[in-house]
2 protein chains.
Amino acid sequence: MSGSAELKGAGLKATAPRLKILELMEESSQRHMTAEDVYRGLLDMGDEVGLATVYRVLTQFEAAGLVIRHSFEEDRAIYELADESHHDHMVCMRCGKIQEFTDCGIEQLQMEAATRHGFRVSSHSLYLYGLCADCGSSKS
Amino acid sequence: MSGSAELKGAGLKATAPRLKILELMEESSQRHMTAEDVYRGLLDMGDEVGLATVYRVLTQFEAAGLVIRHSFEEDRAIYELADESHHDHMVCMRCGKIQEFTDCGIEQLQMEAATRHGFRVSSHSLYLYGLCADCGSSKS
DNA sequence: GTATATGCAAAACTTTTGCATCCTT
DNA sequence: AAGGATGCAAAAGTTTTGCATATAC
């Protein structure tokens, strides 16, 4: 599916900045990017897009369901393409690596817990913080 | 346990601003407060504490384990007293109400998922977003 | 008495917005 | 042609910091 069709399918005009941002996020080795990361990534590719536009486009992409906005424990938002199925995150507190995972059992128990409280869940976020395999074994 | 002893136990000098902030958070009906909330709460009690000090003290409290810092999906940090056992949160997206809950089964599965990835968990956060019982039933 | 904490103001950072101009349809 | 999108700069909001003064131990 071309980026253009993807945008139109989401009800957005296929403008150059939107196409570039979508392309960057699809081709980047980083799955999780801040607005600043996107802005700099475009500059590195030789594309000039205003930072304000990056913010506006990411906000629109989120509203359209193209990307997911995370807050993690930091001070700024992180965006991720929404092109795969839902997953949760393990964040390494030493090296910053983010490992994704899914667990149907957890999802199931979440729904049950919500139901017990009369709560209707539309989305959720689960983060595990600690040390990844690499950092946890090195004793430095 | 007096606030003073609590602070000293955490390795912090028992200064007036720290005591007031701790007291405010212990006595407030709000369990989740922003730095601004704390600042205004103190003003309402007639205590003048600089906003910069509130930020510094909350940061120290978090480092000392007295409070927990959350990011939720918003743009600013929210602090909560760490005086109770761990729990997760359900956030109502219409009225903003925060319902706390715990589920041992979920915790168990989280540990198992982490182990599968060689990850050592030191903490985690789980948020369910949706509609609370009140908002989910009213069709307005 | 000394090291640390506080208050104030200014700075730093992220994110949003007003407005003139440009581009997509 | 018309409405929406972009860029720039300025604004807004949160959080941090420099420095002189005040406080706890």
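Since we're looking at a predicted model, the values are computed, not measured.
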[N] [atom2] sits how many Å from [X] [atom1], rounded?
X       : N      : atom1 : atom2 : result
B/Gln60 : D/dA24 : CD    : C1'   : 14 Å
B/Arg18 : C/dT4  : CZ    : P     : 11 Å
A/Glu48 : D/dC8  : CD    : P     : 8 Å
A/Asp75 : D/dT17 : CG    : P     : 11 Å
B/Lys20 : C/dT6  : NZ    : C1'   : 11 Å
B/Tyr79 : D/dT14 : OH    : C1'   : 11 Å
A/Lys8  : D/dG4  : NZ    : C1'   : 15 Å
A/Glu62 : C/dT15 : CD    : P     : 12 Å

Check ion pair [X]-[Y] (N to O, under 4.0 angstrom):
X        : Y        : result
B/Arg116 : A/Asp103 : yes
B/Arg69  : B/Glu62  : no
A/Asp134 : A/Lys97  : yes

Practice item. For A/Ala52 and for A/Lys13, locate the closest nucleotide of DNA chain C by heavy-atom distance; then report the residue assigned to the nucleotide nearer the 5' terminus. Key: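 Whichever sits nearer the 5' end wins; that is A/Ala52.
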Check your understanding: Should the ring pair B/His70 and B/Tyr127 be called parallel, tilted or perpendicular, given that the plane angle runs from 0 to 90° and is split at 30 and 60?
Key -> perpendicular
I want to verify a distance call: between [options], whose nearest atom is closest to the [X] side chain?
X       : options               : result
A/Arg76 : C/dT15, D/dG7, D/dA5  : C/dT15
B/Arg56 : C/dC8, C/dT25, D/dT15 : C/dC8
B/Tyr55 : D/dT14, D/dC25, C/dT6 : D/dT14

Check your understanding: Any side-chain N or O of B/Thr15 less than 4.0 Å from the OP1 or OP2 oxygen of D/dA24?
Key ->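 False: B/Thr15 side-chain N/O out of range (4.0 Å or more) of D/dA24 OP1/OP2.
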Review point. Base, sugar-phosphate alone, or nothing: which one does A/Ala77 contact when heavy atoms must sit under 4.0 Å apart?
Key: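 The residue A/Ala77 makes sugar-phosphate contact but no base contact.
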**Study point:** Sugar-phosphate only, base, or nothing, as touched by A/Glu36 at under 4.0 Å among non-hydrogen atoms
**Key:**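 Result for A/Glu36 = nothing.
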Check your understanding: Does any N or O in the side chain of B/Asp44 come within less than 3.5 Å of the main-chain N or O of B/Gly41, such that one atom is a donor and the other an acceptor?
Key -> no
Point to revise | Comparing B/Leu12 and B/Thr34 on DNA chain D - which has the more 5′ nearest nucleotide | key: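 That would be B/Thr34.
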